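Worksheet: the structure to be examined is printed underneath.
Note on naming: letters A, B, ... go to the chains in the order of the sequence lines (proteins, then strands), and numbering restarts at 1 for each one. Nothing here was measured: the structure is a model prediction, and the numbers come from that model.
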Amino acid sequence: MELLSESFATLLKQGIEAARKSGALPEFETPEITVSKPSRPNQGDYATPIAMQLAKSAKANPRQIAQAIAEHIPPAPFLDKVEVAGPGFINFWLAPRWVQEQVETIISEGPDHLGEVDIGRGQKAQVEFVSANPTGPITVGRTRGAVMGDTLANMLEAAGYRVEREYYFNNAGRQMELLGRSLQARYLQLLGRDALVPEDGYHGDYLRWIAAALYAEHGDSLADRDWMYFKEKAEAAIFANIRHTLARLGVYFDVYFNEKSLYDDNSVWEAIEELKKRGYAYEAEGATWFKATEFGLPKDRVIVKSTGEPTYIMPDIAYHVNKLKRGFDLIVDIFGADHQDSYPNVLAGVRALGYDPSPIKVVIHQFVTLVEGGETRRMSTRKGEFVTLDELIDEVGADAVRYFVLARSPESHMEFDLELARKQTNENPVYYIQNAHVRCAGIFRQAKERGVTDDGADVHLLSDPRELALIRKMLELPDVLAHSVRRLEPHHIAFYALDLARMFHPTYEEVRALHSEVPPELQKARLRFYRAAKTVFARLLGLMGMSAPDFM
RNA sequence: GCGCCCGUAGCUCAAUUGGAUAGAGCGUUUGCUUGCGGAGCAAAAGGUCGGGGGUUCGAAUCCCUCCGGGCGCACCA
């Protein structure tokens, strides 16, 4: 498919150049040309405000500039007409014949590759997300990062990047010791011993299950094992659980990166030494500090505690240097709002070490609130409340979890409506979109029974305005992908899919393919059209990591 | 107190990052349809874009200020 906004931008560049050569326009600096979809149908299929932006530097009135450009736009197969409107907008209309023919393009690209755009040009990209330490089951708080990260990775792949999905974790340190001691206590309790879970340890039921499993397998033979043993057992069981939960959402990783390896290969200490050598670290109050203020940040940070241990920020810096050294052209970090203050320090640290942090892009998302029947459900550990992602999936299903979380811009403080997510009606956008795919599949089941096929269909027979409008909407897919990838905002595709479904269902109701009054040739053409629609819905659902059912 | 994010229709949210008359769904109201490709179709009402000021051809979007909410502000990760 064609990236239409870019095709129009190219046309405009050529138009401006031609207008200059002919003397219709003076010389001036050309800004970046933006082409967008106007909100009203009488304003064309695509439009640009470029003439207004040029008005100052070209020292002319925007309508005259627009007129001059419009007259010099070269012809193109997809272009029907050009018009100057309003204060100086240039509006474009797509050629109907070309639009009809795109049905074939869509079908030939197929549901796995449709709409691919080559923005990445084969560059290496990494998306790091979830990255929860193995101290307990994944909570709903991580849902957003999991879905956003995975979908963004899908979209980057569609945009021509070679993508790696990475999970960063730490299985060392005080929290993990507490975890080990907590499990040890649960195990000893099963033996009837008088053991207590540490006050600041982990009190969740999941450690009881793990302890019970250990007891079932080993009886009381582990009574003399130390906390390290239990830590390893807890970690293994919890990680298995986390992977299982994420797999239910269709989320998988290529690399699990252990923070500990940054100590093993000494890169944390090397980074600290390097900061000192470069004059960005100093000793004070018994600790070592990083001069974050030199990089415009509000205050300096401790990087080595008075106990001699590095703080968490140091391995984070070393980790990002490690990522840069691995040669990624684009490094995406997906963080929750609780990290919004720490990442600038990490980026400053990377810069202080002499690396260019510009490939690193940080996406911060706000938190999710679960809402049921107008009431907020608190995410406490109290019995009967949702806390884990597993429970949320049990409750509403993986597709609904993915769609609901995806259908919000990252910066919104989203509310997850459990009641709506459970509904199996068109009120629920998940079913509304999937139902579009189901209905397309249904048409082909029906066609098969009647012995009708779309072989040799002539798409030029498609003339219903609703059909043509829907095809034009389908043609936006590459632009939606490009826009989402450039801004690292996966939510646009969720809204696009819903918009498309809203156009689809009325068309499906009104524009019948297999009705007895529809001439056979037109039946073929319409079947072809519905095949294209099915392809687009399958592609969108696939990018969002959702299933594309044939039945519901 | 300081920093980051948010505030758009009754509710949940968009708005291609400074463009044309701010858009959807749900809910409400009104018709149609409910004999066949399950959960349908059409229309209407609903807005001081939190308040105020500024920047310019043009602001929901940028700047200042006030109000309200979220998250952070550790020698915890």
Worksheet item: Taking the side chain of A:Glu259 as heavy atoms from C-beta outward, which of B:rC71, B:rA77, B:rA14 is closest to it?
Response: B:rA77
Worksheet item: Considering only the C1' atoms, how many Å lie between B:rG25 and B:rA20, rounded to the nearest integer?
Response: 25 Å
Practice prompt. Starting at atom CG of A:Asp338, determine the distance to atom P of B:rC73, rounded to an integer number of angstrom.
Written response: 9 Å
Discussion item. Can you list everything that forms a ring-ring contact (aromatic ring centres under 6.0 Å, His included) with A:His413? Sequence neighbours excluded, please.
Written reply: none
Item to complete: Can you tell me, in whole Å, how much space there is between the C1' of B:rC75 and that of B:rC67?
Response: 38 Å
Fill in: Whole angstrom value for the distance that separates P of B:rG58 from CE of A:Met52
12 Å
Worksheet item: Between A:Asn133 and A:Gln175, is any side-chain donor less than 3.5 angstrom from a side-chain acceptor?
Response: no
Worksheet item: OP1 or OP2 of B:rC71 less than 4.0 angstrom from a side-chain nitrogen or oxygen of A:His365, does that happen here?
Response: no
Worksheet item: For A:Glu309, what residues pass the side-chain hydrogen bond (donor to acceptor under 3.5 Å, both in side chains) criterion, not counting sequence neighbours?
Response: A:Thr307
Discussion item. By the 4.0 Å heavy-atom rule, please label A:Ile303 as base, sugar-phosphate, or nothing.
Written reply: nothing
Fill in: B:rC62 to B:rC49 separation - C1' atoms, rounded to the nearest Å
16 Å
Worksheet item: What is the nucleic acid contact for A:Ser342, judged by heavy atoms within less than 4.0 Å: base, sugar-phosphate only, or nothing?
Response: nothing
Response to the item:
Regarding the side chain of A:Arg408, the nearest nucleotide among B:rU12, B:rC41, B:rA15 is B:rU12
Worksheet item: Is A:Glu177 paired with A:Arg181 through a side-chain N to carboxylate O contact shorter than 4.0 Å?
Response: yes
Worksheet item: With a non-hydrogen cut-off below 4.0 angstrom, is A:Glu476 in contact with a base, only sugar-phosphate, or nothing?
Response: nothing
Worksheet item: When the C1' atoms of B:rC73 and B:rG58 are considered, how many whole Å apart are they?
Response: 40 Å
Worksheet item: Taking only N and O in the side chain of A:Lys305, is any of them less than 4.0 Å away from OP1 or OP2 of B:rC76?
Response: yes
Worksheet item: Starting at OH of A:Tyr403 and ending at C1' of B:rU12, how long is that distance when rounded to a whole Å?
Response: 12 Å
Worksheet, complete the sentence: When rounded to whole Å, the CD to P distance for the pair A:Glu449 and B:rC36 reads 17 Å
Worksheet item: Within 45° of the axis and under 6.0 Å from the centre of the six-membered ring of A:Tyr46, does NZ or CZ of A:Lys37 qualify?
Response: yes
Worksheet item: To the nearest Å, how far apart are A:Glu372 CD and B:rU12 P?
Response: 16 Å
Fill in: Nearest-Å distance for atom pair CG/C1', residues A:Leu54 and B:rG58
16 Å
Item to complete: Classify the nucleic acid contact of A:Asp316 as base, sugar-phosphate or nothing, counting any heavy atom under 4.0 Å across all strands shown.
Response: nothing
Worksheet item: Rounding to a whole Å, what distance do you find between A:Arg512:CZ and B:rC41:C1'?
Response: 12 Å
Practice prompt. Indicate whether any N or O donor in one side chain lies under 3.5 Å from an N or O acceptor in the other, for A:Glu83 and A:Asn91.
Written response: no
Fill in: NZ/NE/NH1/NH2 to OD/OE distance under 4.0 Å, A:Asp45 and A:Arg472
yes
Worksheet entry | Quiz item: cation-pi between A:Arg445 and A:Phe551, 6.0 Å / 45° | yes
Worksheet entry | Nearest non-hydrogen partners of A:Gly349 and A:Leu275, listed with the distance | O-CD2, 4.4 Å
Fill in: Salt-bridge contact A:Glu476-A:Lys473 (side-chain N to carboxylate O under 4.0 Å)
yes
Practice prompt. Record whether the side chain of A:Glu411 comes under 3.5 Å of the base of B:rC6 through a donor-acceptor pair of N or O atoms.
Written response: no
Practice prompt. For nucleotides B:rG23 and B:rG35, find the distance between their C1' atoms and express it as a whole number of Å.
Written response: 38 Å
Fill in: N/O donor-acceptor pair, side chain A:His413 with base B:rG69, under 3.5 angstrom
yes
Item to complete: Could you give the distance separating B:rG46 and B:rU8 at their C1' atoms, to the nearest angstrom?
Response: 14 Å
Practice prompt. Among B:rC13, B:rA77, B:rG3, find the nucleotide with the atom closest to the side chain of A:Met414.
Written response: B:rC13
Worksheet item: Does a side-chain N-to-carboxylate-O contact under 4.0 Å join A:Glu6 and A:Arg486?
Response: yes
Worksheet item: So what does the secondary structure string of RNA chain B come out as, 5' to 3', with Watson-Crick or wobble pairs under 3.5 angstrom, [ ] for crossing and | for pairs with another strand?
Response: (((((((..((((.....[...)))).(((((.......))))).....(((((..]....))))))))))))....
Worksheet item: Taking only side-chain nitrogens and oxygens of A:Arg301, does any of them come within less than 4.0 Å of OP1 or OP2 of B:rC73?
Response: no
Fill in: Sidechain N-carboxylate O distance under 4.0 Å for A:Asp300, A:Lys291
no
Worksheet item: Between A:Phe367 (CZ) and B:rG72 (P), how many Å, whole number?
Response: 6 Å
Worksheet item: Quick one: do A:Lys323 and A:Glu166 make a salt bridge, cutoff under 4.0 Å?
Response: no
Worksheet item: C1' atom, B:rU21 versus B:rG47: distance in rounded Å?
Response: 13 Å
Item to complete: Examine B:rA14: is either OP1 or OP2 under 4.0 Å from a nitrogen or oxygen in the side chain of A:Ser412? Give yes or no.
Response: yes
Practice prompt. Please determine, for the side chain of A:Glu415, which listed nucleotide (B:rC71, B:rC13, B:rG72) has the closest atom?
Written response: B:rC13
Response to the item:
Picking from B:rA77, B:rC41, B:rU16, the nucleotide nearest the side-chain atoms of A:Ser36 would be B:rU16
Worksheet item: Can you give one letter per nucleotide of nucleotides 20-31 of chain B, 5' to 3': B if a protein heavy atom sits under 4.0 Å from the base, S if only from the sugar-phosphate, - if neither?
Response: BB-SSSS-----
Discussion item. Taking atom CD as the centre, does A:Glu32 end up with more than 12 heavy-atom neighbours from other residues, nucleotides or ligands that are less than 6.0 angstrom away?
Written reply: no
Worksheet item: For A:Ala337 and A:Ile443, take the nucleotide of RNA chain B holding the closest heavy atom to each; which residue's nucleotide lies nearer the 5' end?
Response: A:Ile443
Worksheet entry | A:Phe416 or A:Thr34, whichever maps to the more 5' nucleotide of RNA chain B | A:Phe416
Discussion item. Tell me whether the side-chain N or O atoms of A:Ser306 pair up with the base of B:rC75 as donor and acceptor below 3.5 Å, since no angle test is needed here.
Written reply: yes
Worksheet item: Expressed in whole Å, how much space separates the C1' atoms belonging to B:rA59 and B:rG53?
Response: 14 Å
Discussion item. Let's see if you can work this out: which of B:rA77, B:rA14, B:rC41 has an atom nearest to the side-chain heavy atoms of A:Asn170?
Written reply: B:rA77
Worksheet, complete the sentence: Which of B:rG38, B:rC73, B:rA77 is nearest the side chain of A:Asp341? It is B:rC73
Discussion item. I need the residues from residues 282-291 of chain A with at least one non-hydrogen atom less than 4.0 Å from RNA chain B; give them sorted by number, or say none.
Written reply: A:Glu285, A:Ala287
Discussion item. Tell me every residue that passes side chain to side chain contact (heavy atoms under 4.5 Å, CB included) with A:Arg439, counting only those two or more places apart in sequence or in another chain.
Written reply: A:Asn435, A:Phe504, A:His505, A:Tyr508, A:Glu509
Item to complete: Using a heavy-atom cut-off of under 4.0 Å over every strand shown, decide if A:Pro298 touches base, sugar-phosphate, or nothing.
Response: nothing
